[in-house]
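We use all heavy atoms of the structure for the numbers below, so side chains are in, but hydrogens, waters and symmetry mates are not.
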Amino acid sequence: MIKSHTKLLFMAKPIPNYPVVKGCNNDQYCVLETSKRGNLTCTIGKIRPLVQLEWGIFDTNSANQISLLPREQVIRTNGETFDISVSTLYEIHTNLLNRLTLECRVVGSNLEVFHLSTKFDLLFSNDAIYSSSTEKYTSGTAETSEGPKSMWWIIIIVLTAVFVATLIYSVWRLQQKKRRDKKRTKGSLTGNPPEEETLPMVVEGARERNELRPVNVPNPTGGTLSLAGGPTVYSTSQDGFESPSVSIDSHQHNQERMQEFVTYLKKKYEDFYRSVQPIPYVRDKMYSVDEVFVEGGIQVLRHKDKFTGNEDWENLTSHEDIFQSLGDEPSMHILEGEPGYGKSMLALLIASAWCSSKRSFSKINVLIVLRLRQLEGFTSIYRAIKMFLLPKDADFSEEEIEGILKRSESGMIILDGLDEYPDKDMEAPSDFLDIVKGDMLQKYEVLLTTRTNCLPKKYPRRTKREKLTGFDKCARRCYLLKAVVNNDNDRANEIEDKLRGNPVLRDICQVPLCFVLFAHTIYENNELATCDSVTKFFHYVISCFHSHMKNKMEDDNVKKLELFENEHRELDEAAFDSLTKNQGQNVWDREELLQYVSTAFYEQYVSIGILLEEEVLQIKTNPGVSASDHIKYKTSVSFYHKLFCEWYASHYLVKYVEEHEQENLNKVFKIIDPFNLQYVYRFACGLSSHAARHIIKYLEANDETKYFAMLCTLEDIKSFDAIKQRTLQMCNKVEVTESQSRLLRRSVIQLLEIVSSHKIMVKILSIRNCFRYFNEEENRVILQPDFSLSVLTSLKELHLSERGREMTIHETEDILKYISLCEALDNLRLYHCLMPRLGTTIPCLSVLQSREVKVVWYPTTSVYRLNITTGTWGFKESVPLTNNEYNKLIREFRLTYQETAWQKARVNSETN
């Protein structure tokens, strides 16, 4: 038997992805101003396999003008990767050279794996050239054994220069003294105070940079004047020296520049918040954010238990509750929410409120709103502000912007979309990440928006976390009345009833963006309410985009539009590659996407709103980039929402499944994560029964995805009756536990609601260690971490287990309220928790009594029953627990579960 051997090569790209030259700022092409001799160091970090670094001269014609004396290469291990460093001593041999390009590059056997290099320039200053020329001149005599004379000449020249400078300075000081004496004499005769000598206001070099630094100058009326910025007026004295004089109105100048800066910001934000399009395919009408914004669910994290890991989120009435203390002590906020939940819309609303000086935002002097997805390659916030928020002809330098932000008494920075920030994982210095960590602009209120599963790696411990939870019943009602039915309550009730009766659409419409699409489309077409799959719903949404455009086109163009509507395989491939190869980022450069699709196709999809264009600045940080290519504008393209990207990616998956066998398909399925890309699978199953068979077979093989496979089955089957037998088998006993993945828990909950809506009996539902409370307004049980379960009218028996938890009377009442609404329920079992003594004051006990519901409690090894009539616990319903027996039970319970997170948290709370 011949054995084959496969050589595996483990690779790790370096961070950053190029050699780094010490002293270079890699935001731009590097030029090092230096002398004719010196030391250079180049490093490359976190790379695998091991490579070699080498110094070289980029222009070989200059090879005889410089010597490079390499030192030993230093290699350090960093876990499974390597950090490599190499230094060199250089020496210039000519006096005519003032600039030379060098290169640090990867060489050796792994050059084909990492073909990396960094180019930079050495710039020899005038002093270096002058000293080189002087040295060359004297060295000519050195070659004829007159070296010592050259040294004496240099010493004589230096001493002479020092003597002349001292003499000139002494004469100038004498003239200044005479002038002051004369002014003092004049002042004493006229009764006016003598003028003070003005002090230099500009540090050497700052005048050319238009940079003004705060200094203290004498105040004629006593004390000092602190001046920061403002114009410095230069005057020429009688002795010919130009000296600065202090502008008394420099503070006023700062205020004027601040006001001009703020005016520019408000104009920019006005363009943002007055250009909202709630219906993406209706592009001929813009709305202000105030006209369409509806307050959705929002929560604040009050406490995270260090033992259980449970997060205690509290509902807020409005987003304004977050910023009640604006203008007082600044704080850091992280606003979480899934795509389409309104994070960016809330940022626009804040910008609108600030521009209008509404409510607490009137206390903010400066508001900075930056979209992080635009900031690839940017490390300076001041440069980002100049490039993205100010007009191109605004005469504000980065240094002046920095001065304005630092002088402002109060301010707020909104960084929108950390999950879309291209450089969020870079370890290079960045103002934006420093702000998030609390290491920069600490007097500013900071709001960072991101997806729930994409929190920053580091942020201050006192950071306040808020979360958007989507549209609840109240928010949906408000939006319908405000933006859809024009305050027609009857029409709003009709739409709400259709949504309430469709658990498939109700789930996806928790996303505000999806509800907006649903509300507007169902208003035009009532048949949408009968959609029994998300595939049918989204297919109709896509058709709305195309049909709206076709209604505006002449007949000659309609056929082409229909062709692009049905033939989009190239876009399907681009979407699939984006989700599986590009870390889920559905963003391209325009030229990059045009490699997939034709220009005509691209322009049509942009015009109908499925694709969105955005002009952004691109900063190329790779060393060796020419100055003209360092900063360029580019067009960035993305789908209107991630769901659209998943829709087209699912078409590609369908084609792929139809063309390949099952053994090859599993490799592709493994790169499509159902936890993050569930709609790729669900759409694919709804589009093709053939694809559905292979996908469902793959998903059912895993316990984590077997319930999700059922949801995919519902997309494929045209009638619910066709899978009724499978759901009956599933509904014998269903579990929702804290250890389940988000996908599994969500799949189970949605399936429960679907089968309940079809009146299929659920025999036993077991909820373990994830119950939070009952939302009476929504009639939903709220589960950890952020799931909810509606009232199940076909549920027969509920088992609730909360290991080591001591229930309050309010929590117990929530549980009893919920089961009183489950019409078919006749048995409640409570496990591993300590229930309180109740009494007869709980209103829902009468409902449970009329239905003869049995409530049984298993705290440890004993069993107790609730007397529905009296509200007391006992071994038997007729024999209640005495006080001594109940107290003994408490001690036994706490001893039994002392190692649980709940009991550790209780002990810690009582100790403190």
Side-chain angles (χ1 to χ4, degrees), residues 279-282 339-340 495 498-499 501-511 513-551 558 561-576 579 586 597 601 604-605 607-611 639-658 672 677-693 695-696 711-720 722 750 754:
I279 316 171
Y281 52 82
V282 180
I495 295 175
K498 291 176 179 178
L499 184 62
N502 192 324
V504 174
L505 294 184
R506 188 171 65 224
D507 177 71
I508 196 172
C509 284
Q510 289 181 12
V511 180
L513 177 117
C514 294
F515 175 76
V516 169
L517 293 174
F518 167 81
H520 287 280
T521 51
I522 200 173
Y523 186 72
E524 300 172 358
N525 185 355
N526 283 328
E527 294 181 2
L528 185 64
T530 62
C531 283
D532 53 6
S533 72
V534 293
T535 307
K536 292 179 182 179
F537 167 68
F538 216 78
H539 187 276
Y540 183 78
V541 170
I542 293 293
S543 68
C544 288
F545 279 79
H546 289 279
S547 63
H548 186 82
M549 178 59 68
K550 283 188 287 188
N551 292 338
V558 169
L561 287 175
E562 290 177 347
L563 176 65
F564 287 153
E565 179 181 358
N566 298 319
E567 295 295 333
H568 42 75
R569 184 160 187 171
E570 292 79 10
L571 184 61
D572 301 341
E573 183 179 1
F576 186 85
L579 293 174
N586 62 93
V597 301
F601 181 99
Q604 177 181 318
Y605 273 67
S607 66
I608 64 180
I610 291 178
L611 294 176
F639 281 101
Y640 179 74
H641 186 268
K642 184 186 174 187
L643 276 173
F644 289 79
C645 189
E646 293 190 49
W647 170 260
Y648 288 100
S650 68
H651 285 75
Y652 179 84
L653 180 61
V654 166
K655 293 292 184 182
Y656 190 91
V657 170
E658 292 174 350
I672 308 173
L677 302 173
Q678 64 156 311
Y679 287 105
V680 174
Y681 284 113
R682 294 179 69 175
F683 288 151
C685 290
L687 292 170
S688 166
S689 294
H690 176 76
R693 286 196 299 273
I695 291 173
I696 292 168
L711 289 179
C712 293
T713 303
L714 291 174
E715 294 293 322
D716 175 43
I717 301 299
K718 308 309 177 186
S719 170
F720 187 83
Q750 190 172 353
I754 291 173

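Looking at Q750, its side chain never comes within 3.5 Å of a backbone N or O of L711 through a donor-acceptor pair. The backbone N or O of L513 sits nowhere less than 3.5 Å from a side-chain atom of H641 that would complete a donor-acceptor pair. Proximity of a side-chain donor or acceptor of E715 to a complementary backbone N or O of C685 within less than 3.5 Å is not detected. Y648 places no side-chain N or O within donor-acceptor distance of the main-chain N or O of F576, the cut-off being under 3.5 Å. No side-chain donor-acceptor contact under 3.5 Å links E565 to the backbone of H546.
In this structure, L653 CG and E573 CD are separated by 13.0 Å, a value rounded to the nearest 0.5 Å. The line from CG of L499 to CG of L505 is 6.5 Å long, rounded to the nearest 0.5 Å. Rounded to the nearest 0.5 Å, atoms CG (L687) and OG (S650) are 5.0 Å apart. Taken to the nearest 0.5 Å, the OH atom of Y679 stands 11.0 Å off from the SG atom of C712. Distance check: S688 OG to D716 CG gives 8.0 Å after rounding to the nearest 0.5 Å. Here the straight-line distance linking atom CD1 of I608 with atom SG of C544 works out to 11.5 Å at 0.5 Å rounding.
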> Where do R569 and H651 land on the side chain to side chain contact (heavy atoms under 4.5 Å, CB included) test, with the steps shown first?
Replying inline: CA-CA 8 Å; R569 184 160 187 171; H651 285 75; over 6 Å; no

> Could you go step by step and tell me if Y640 and L611 meet the side chain to side chain contact (heavy atoms under 4.5 Å, CB included) rule?
Replying inline: CA-CA 6 Å; Y640 179 74; L611 294 176; over 6 Å; no

> Would L579 and I672 satisfy side chain to side chain contact (heavy atoms under 4.5 Å, CB included), going step by step from the backbone distance to the final call?
Replying inline: CA-CA 8 Å; L579 293 174; I672 308 173; over 6 Å; no

>> Test side chain to side chain contact (heavy atoms under 4.5 Å, CB included) on V541 and F518; report intermediate values, then the result.
In response: CA-CA 8 Å; V541 170; F518 167 81; over 6 Å; no

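Among all heavy-atom pairs drawn from D572 and Y652, the shortest one is O-CB, 3.6 Å. When all heavy atoms are compared, the tightest approach of F639 to L571 is CZ-CD1, 3.8 Å. Annotation for A684 and A691: closest pair O-CB, 4.2 Å, computed over non-hydrogen atoms. Taking all atoms of both residues into account, the shortest heavy-atom contact from G340 to V511 is O-CG1, 3.7 Å. Minimum heavy-atom separation, A575 to A649: CB-N, 3.7 Å.
By the 4.5 Å heavy-atom criterion applied to side chains, F644 and I542 are counted as neighbours. Within the 4.5 Å cutoff, side-chain heavy atoms of L677 are placed close to those of K642.
Ring pair W647/F538 is tilted by interplanar angle, where 30° to 60° counts as tilted.
Residues forming a ring pair (Phe, Tyr, Trp, His ring centres under 6.0 Å) with F601 (at least two apart in sequence, or on another chain): F564, Y605. In terms of the side-chain hydrogen bond (donor to acceptor under 3.5 Å, both in side chains) criterion, residue partners of H690 (sequence neighbours excluded) are, by chain and number, R693.
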